[in-house]
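Encoded as structure tokens, the structure appears first; notes follow it.
Chain identifiers are assigned alphabetically (A, B, ...) following the order of the sequence lines, protein sequences preceding nucleic acid strands; residue numbering begins at 1 within each chain. Remember, predicted model here, so these are calculated numbers, not experimental data.
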Amino acid sequence: MLNNTQIRECLDAMAEMFPDAEGELVHSNPFELVIAVLLSAQCTDKLVNKVTADLFQKYKTPEDYLAVPLEEVENDIRSIGLYRSKAKNIQKLCRTLIDNYNGEVPKTKDELVKLAGVGRKTANVVASVAFNEPSIAVDTHVERVSKRLGICRWKDSVVEVENTLMRKVPRDEWSVTHHRMIFFGRYHCKARNPNCPECPLLYLCREGKKRMKKIEV
DNA sequence: CTCCCGATAT
DNA sequence: ATATCAGGAG
């Protein structure tokens, strides 16, 4: 397990590698962001952006998604994958926004997680990006990077990873750290082929050292 | 825990 | 061919 100094070194290295890291889901308001993040489950940001380019032209409001049959929404997001549950969740979410929130996206995480298709990770992203509430959304990249480096334990749940990060990272760095960890995981510490040989954190990374030994033998 | 699921990289 | 992708619901 890394100590506080080592974790600080991780944050600094990531800041140097990805100083401008930020969310890559294209959106122009909180409602579009919720839809985009909901769609992004088990799918790349790039593909989500390709689909939402047309989707957000066609559907501007919660009412718009409810004005067409479920099958039409399914068809409009089909290429994303998991499209049946996502389409159903979108319409259900829109119904809730209209019935309970005057058609607006609620701002607190407690309210956000109650929306269909919105779990802890999506709620954290929306709260952070749309409403400037400090958050660390633990997605596949944040989880993998935290575990490889040794910031948390391999068996930790995503909630435990999130709690550990919130404890170890200063609150005013939560949102940038979250985005830098995603970039670090997406472009450098990749799931399949992590770039350990060129990693500035190799000297403290337990998984990296293990992998480098394998390569040499 | 399983299921949902198409696109893309390797 | 198969692992992986800004996960969430049942």
Roughly, in whole Å, what's the span from CZ in A:R78 to P in B:dA7?
-> 10 Å
Counterpart residues, side-chain contact (heavy atoms from CB on, under 4.5 Å), relative to A:D54 (two or more places apart) = none
Does any residue of residues 181-197 of chain A have a heavy atom under 4.0 Å from DNA chain C, and if so, which ones, in number order?
-> A:I182, A:R186, A:A191, A:R192
Can you list every pair that meets ring-ring contact (aromatic ring centres under 6.0 Å, His included) and has a residue in residues 39-59 of chain A, with sequence neighbours left out?
-> A:Y59-A:Y65
Determine the contact category for A:G119: base if any of its heavy atoms lies under 4.0 Å from a base atom, sugar-phosphate if only primed atoms, P, OP1 or OP2 are that close, otherwise nothing.
-> sugar-phosphate
B:dT2 to C:dA6 separation - P atoms, rounded to the nearest Å = 23 Å
Going by number, which of residues 106-114 of chain A have a non-hydrogen atom under 4.0 Å from DNA chain C?
-> none
Could you tell me whether the side chain of A:S157 reaches within less than 4.5 Å of the side chain of A:V161, counting heavy atoms only?
-> no
Would you please name every residue forming a side chain to side chain donor-acceptor pair (under 3.5 Å) with A:Q42, sequence neighbours left out?
-> none
Nearest-Å distance for atom pair CZ/P, residues A:R84 and B:dT2 = 20 Å
What parts of residues 139-175 of chain A reach DNA chain B, counting only heavy atoms under 4.0 Å away?
-> none
Any donor and acceptor pair, going by atom type alone, linking the side chain of A:N89 with main-chain N or O of A:A116 inside 3.5 Å?
-> no
Length of the line joining A:L82:CG and B:dC5:P, which is rounded to integer Å | 6 Å
How long is the line joining CD1 of A:I80 and P of B:dA7, in whole Å?
-> 10 Å
If only atom types and distance count, is the side chain of A:N163 paired as donor or acceptor with the main-chain N or O of A:V159 below 3.5 Å?
-> yes
Any sub-3.5 Å donor-acceptor pair from A:K168's side-chain atoms to A:N4's backbone N or O?
-> no
Please find the earliest and latest nucleotides of DNA chain C, in the 5' to 3' direction, that have an atom within less than 4.0 Å of any heavy atom of chain A.
-> C:dT2 to C:dA9
Only counting residues at least two apart or in another chain, list the ones meeting side-chain contact (heavy atoms from CB on, under 4.5 Å) with A:V158.
-> A:V138, A:E143
Within 45 degrees of the axis of the six-membered ring of A:Y83 and under 6.0 Å from its centre: does A:R78 put its NZ or CZ there?
-> yes
Test: A:D76 and A:K58 ion pair at under 4.0 Å = yes
Taking the side chain as every heavy atom from C-beta outward, state whether A:R211 and A:R148 have any atom pair closer than 4.5 Å.
-> yes
What orientation do A:H188 and A:F184 show, parallel under 30°, tilted 30 to 60°, or perpendicular over 60°?
-> tilted
A:K88/A:E74 ion pair, N-O < 4.0 Å = no
Can any side-chain N or O of A:R144 pair as donor or acceptor with the backbone N or O of A:D139 at less than 3.5 Å?
-> no
Between residues 44-56 of chain A and DNA chain B, which residues have a heavy-atom gap below 4.0 Å?
-> A:L47, A:K50
With distance as the sole test, does A:E104 use its side chain to make a donor-acceptor pair with the main-chain N or O of A:P30 at under 3.5 Å?
-> no
Using whole Å, report how far NZ of A:K86 lies from P of B:dC4.
-> 14 Å
Does A:R8 pair with A:D12 as a salt bridge, N-O distance under 4.0 Å?
-> yes
Non-neighbouring partners of A:Y101 that pass side-chain contact (heavy atoms from CB on, under 4.5 Å), sequence neighbours left out | A:T96, A:L97, A:P106, A:E111, A:L115
Reckon A:L93 touches a base, only the sugar-phosphate, or nothing at all at heavy-atom distances under 4.0 Å?
-> nothing
Contact check, residues 31-43 of chain A vs DNA chain C, heavy-atom distance under 4.0 Å, returns A:S40, A:A41, A:Q42, A:C43
Sorted by chain and residue number, the side-chain contact (heavy atoms from CB on, under 4.5 Å) partners of A:R171 (sequence neighbours excluded) come out as A:P134, A:W174
